[in-house]
Amino acid sequence: MRVVILGSAAGGGLPQWNCRCPICTLARTEPHRVRPRTQSSIAVSPNGTDWLLVNASPDIRQQLFDNPAMHPQAGLRHSPIKAVLLTNGDVDHVAGLLTLREGQTFTLYGTAGILDSVNANRVFDVMAEGVVAREPIAMERTFAPLPGLTVTLFPVPGKVPLWLEDETMEIGAETETTVGAMIEANGRRLAYIPGCARVTDKLKERIAGVDALLFDGTVLHDDDMIRAGVGTKTGWRMGHVPMRGEGGSVEALAEVALGRRVFVHINNTNPVLVEDSPERAAVEAAGWTVAHDGLTLSL
């Protein structure tokens with residue numbers, strides 16, 4: 001199984017378009033220290049020819065351009081992207097669907113709750129009925145979006161997308177609006193969890209023994225955005241578990257048997273983005289890789 005991290009940043013990418021925080025500034029002025037990154041998305045293939053896109057970033061056009069394996073290969077209209085899977089309805093995971101509108105046949109997968117949020121917004125009708133099939137997938141049901149590749153969706157603690165929040169919103173609930181994906185091909189297993197509010201015992205049991213874990217790396221500390229002076233929300237309020245601190249993912253997953261450990265969906269205020277920082281060194285010493293765009297795993 002081949003896995004390409006198309007985009008490794010959280011919403012807004014790095015640098016964010018209007019942000020002058022120290023990390024965004026370094027991404028503009030010293031990209032050898034802080035690599036610019038596009039918004040969260042991966043592509044997975046069992047054969048290097050046919051690809052499943054997992055989450056459709058607003059930056060998807062550039063991401064596909066940067067990866068020749070996903071360029072059109074024949075005729076006037078073609079794409080190696082045969083299917084798209086959504087793990088939640090966040091803007092940074094669905095807005096790219098608007099780019100995938102040029103009469104290209106593929107199947108869009110997601111839970112009923114995730115697809116309902118897409119179907120409720122008529123702007124997504126640019127993916128024309130009869131061209132793009134929308135297939136709801138039940139939790140815990142294994143399905144095959146590509147020959148030779150299977151996926152099982154499972155709930156993880158999270159919250160509804162920001163644009164659907166209201167007074168009834170609950171953070172940390174396990175529903176079908178935020179899911180992880182267990183992706184399997186050729187005897188290898190990948191757990192993809194770009195959004196997670198809390199590491200539970202159930203989650204640890206679920207992912208134990210996988211060949212690679214791509215996990216929510218949005219914030220280093222729960223108050224990253226507050227420390228940076230660019231926001232008032234904590235990681236928990238945004239539905240993301242911190243890497244460090246009480247309940248942090250580094251410590252919580254330390255004793256779980258895993259292959260590769262890779263942080264994805266990294267916010268622009270997270271200090272691990274600075275390659276020569278002590279924060280990066282500490283995370284790497286704990287066995288984690290901080291993802292960058294284009295990072296490829298061969299499992």
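The first residue in the sequence is number 1, and the count goes up from there.
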Novice: Give the minimum heavy-atom separation between F215 and S249, together with the two atoms involved.
Specialist: CE2-CB, 3.6 Å
Novice: For the side chain of K82 and the backbone of S79, is there at least one donor-acceptor N/O pair under 3.5 Å apart?
Specialist: yes
Novice: Check the hydrophobic clustering (I, L, V, M, F, W, Y; side-chain heavy atoms under 4.5 Å; chains of links allowed) and say if I226 and V241 are grouped together.
Specialist: no
Novice: Got a donor-acceptor contact below 3.5 angstrom from the D90 side chain to the D92 backbone?
Specialist: no
Novice: Checking L53 against S41 for the side chain to side chain contact (heavy atoms under 4.5 Å, CB included) test, could you report, in this order, the C-alpha distance in whole Å, the side-chain angles of both residues, the deciding distance, and whether it holds?
Specialist: CA-CA 7 Å; L53 178 67; S41 181; 3.3 Å; yes
Novice: Transitively linked via ILVMFWY side-chain contacts under 4.5 Å: V126 with V84?
Specialist: yes
Novice: Donor-acceptor pair, N88 side chain versus T177 backbone, under 3.5 Å?
Specialist: no
Novice: Might you point out which heavy atoms bring A291 and V262 nearest each other, and give the distance in Å?
Specialist: CB-CG1, 3.7 Å
Novice: Starting from the C-alpha separation in whole Å, work towards a yes-or-no answer on side chain to side chain contact (heavy atoms under 4.5 Å, CB included) for V4 and M70.
Specialist: CA-CA 10 Å; V4 180; M70 290 158 228; 4.1 Å; yes
Novice: What are the two closest heavy atoms between R188 and M1, and how far apart are they?
Specialist: O-CE, 3.7 Å
Novice: Does either side chain, that of N67 or that of Q63, offer a donor lying less than 3.5 Å from an acceptor on the other one?
Specialist: no
Novice: Please check this pair: side chain of T150 against backbone of G148, looking for a donor-acceptor N/O pair closer than 3.5 Å.
Specialist: no
Novice: Answer yes if L97 and F65 sit in the same cluster of Ile, Leu, Val, Met, Phe, Trp and Tyr residues linked by side chain heavy atoms under 4.5 Å apart, and no otherwise.
Specialist: no
Novice: Kindly say whether Q39 contributes a backbone atom to a donor-acceptor pair with the side chain of S57 at under 3.5 angstrom?
Specialist: yes
Novice: What do you reckon, is CD of E102 surrounded by more than 12 foreign heavy atoms closer than 6.0 Å?
Specialist: yes
Novice: Would one find more than 12 heavy atoms of other residues, nucleotides or ligands at under 6.0 Å from atom CZ of R20?
Specialist: no
Novice: Before giving the answer on side chain to side chain contact (heavy atoms under 4.5 Å, CB included), spell out for F263 and V283 the whole-Å C-alpha distance, their side-chain angles and the decisive distance to 0.1 Å.
Specialist: CA-CA 10 Å; F263 279 125; V283 165; 3.8 Å; yes
Novice: Count the heavy atoms of every other residue, nucleotide or ligand shown that sit under 6.0 Å from CD of E129, and state whether that count exceeds 12.
Specialist: no
Novice: Determine whether a donor-acceptor pair (N or O, by modelled atom type, separation under 3.5 Å) exists between the side chain of S45 and the backbone of D50.
Specialist: yes
Novice: Might you work through the side chain to side chain contact (heavy atoms under 4.5 Å, CB included) test for L295 and S8, ending with a clear yes or no?
Specialist: CA-CA 9 Å; L295 177 64; S8 53; over 6 Å; no
Novice: Should L86 and L108 count as side-chain neighbours, where that means a heavy-atom distance under 4.5 Å?
Specialist: yes
Novice: Would you call D224 and R227 a salt bridge, using N to O less than 4.0 angstrom?
Specialist: no
Novice: How about R261 and V250: do any of their side-chain heavy atoms sit closer than 4.5 Å?
Specialist: no
Novice: Tell me, do T218 and N270 make a side-chain contact under 4.5 Å, heavy atoms counted?
Specialist: no
Novice: Can you tell whether the side chains of R141 and E176 come within less than 4.0 Å, N to carboxylate O?
Specialist: no
Novice: Mind listing the closest non-hydrogen atom pair of P242 and H221 along with its distance?
Specialist: CB-C, 3.9 Å
Novice: Would you say E284 has more than 12 foreign heavy atoms packed within less than 6.0 Å of its CD?
Specialist: yes
Novice: Measure across R35 and L14 and return the closest heavy-atom pair with its distance rounded to 0.1 Å.
Specialist: O-CD2, 3.4 Å
Novice: Could you tell me if the side chain of E279 sits less than 4.5 Å from the side chain of M243, heavy atoms only?
Specialist: no
Novice: Distance check, rounded to the nearest 0.5 Å: L98 atom CG versus F124 atom CZ?
Specialist: 5.0 Å
Novice: Check whether any side-chain heavy atom of L64 sits under 4.5 Å from a side-chain heavy atom of I81, and report yes or no.
Specialist: yes
Novice: Can N55 and T87 be counted as having a side-chain donor-acceptor contact under 3.5 angstrom?
Specialist: yes
Novice: Measuring from atom CZ of R33 to atom CD of E275, what distance do you get when rounded to the nearest 0.5 angstrom?
Specialist: 10.0 Å
Novice: Rounded to the nearest 0.5 Å, what's the gap from CD1 on I207 to CD1 on I193? Could you check?
Specialist: 5.0 Å
Novice: Do W17 and I23 share a hydrophobic cluster, counting only Ile, Leu, Val, Met, Phe, Trp and Tyr and linking them when any side-chain heavy atoms are less than 4.5 Å apart?
Specialist: no
Novice: Can you confirm whether V151 sits close enough to I137 that some side-chain heavy atom of one is under 4.5 Å from a side-chain heavy atom of the other?
Specialist: no
Novice: Any idea which heavy atoms bring L100 and M127 closest together, and the distance?
Specialist: O-CG, 3.9 Å
Novice: Got a donor-acceptor contact below 3.5 angstrom from the N268 side chain to the G12 backbone?
Specialist: no
Novice: Would you give the length of the straight line joining atom OG1 of T178 to atom CG of D216, rounded to the nearest 0.5 angstrom?
Specialist: 10.0 Å
Novice: Nearest 0.5 angstrom please: T142 OG1 to M182 CE, how far?
Specialist: 10.0 Å
Novice: State, with a plain yes or no, whether a side-chain heavy atom of V118 is found less than 4.5 Å away from one of R134.
Specialist: yes
Novice: With rounding to the nearest 0.5 Å, note down the distance linking CG in N186 to CG in L149.
Specialist: 8.5 Å
Novice: Does any non-hydrogen side-chain atom of H240 lie less than 4.5 Å from one of N267?
Specialist: no
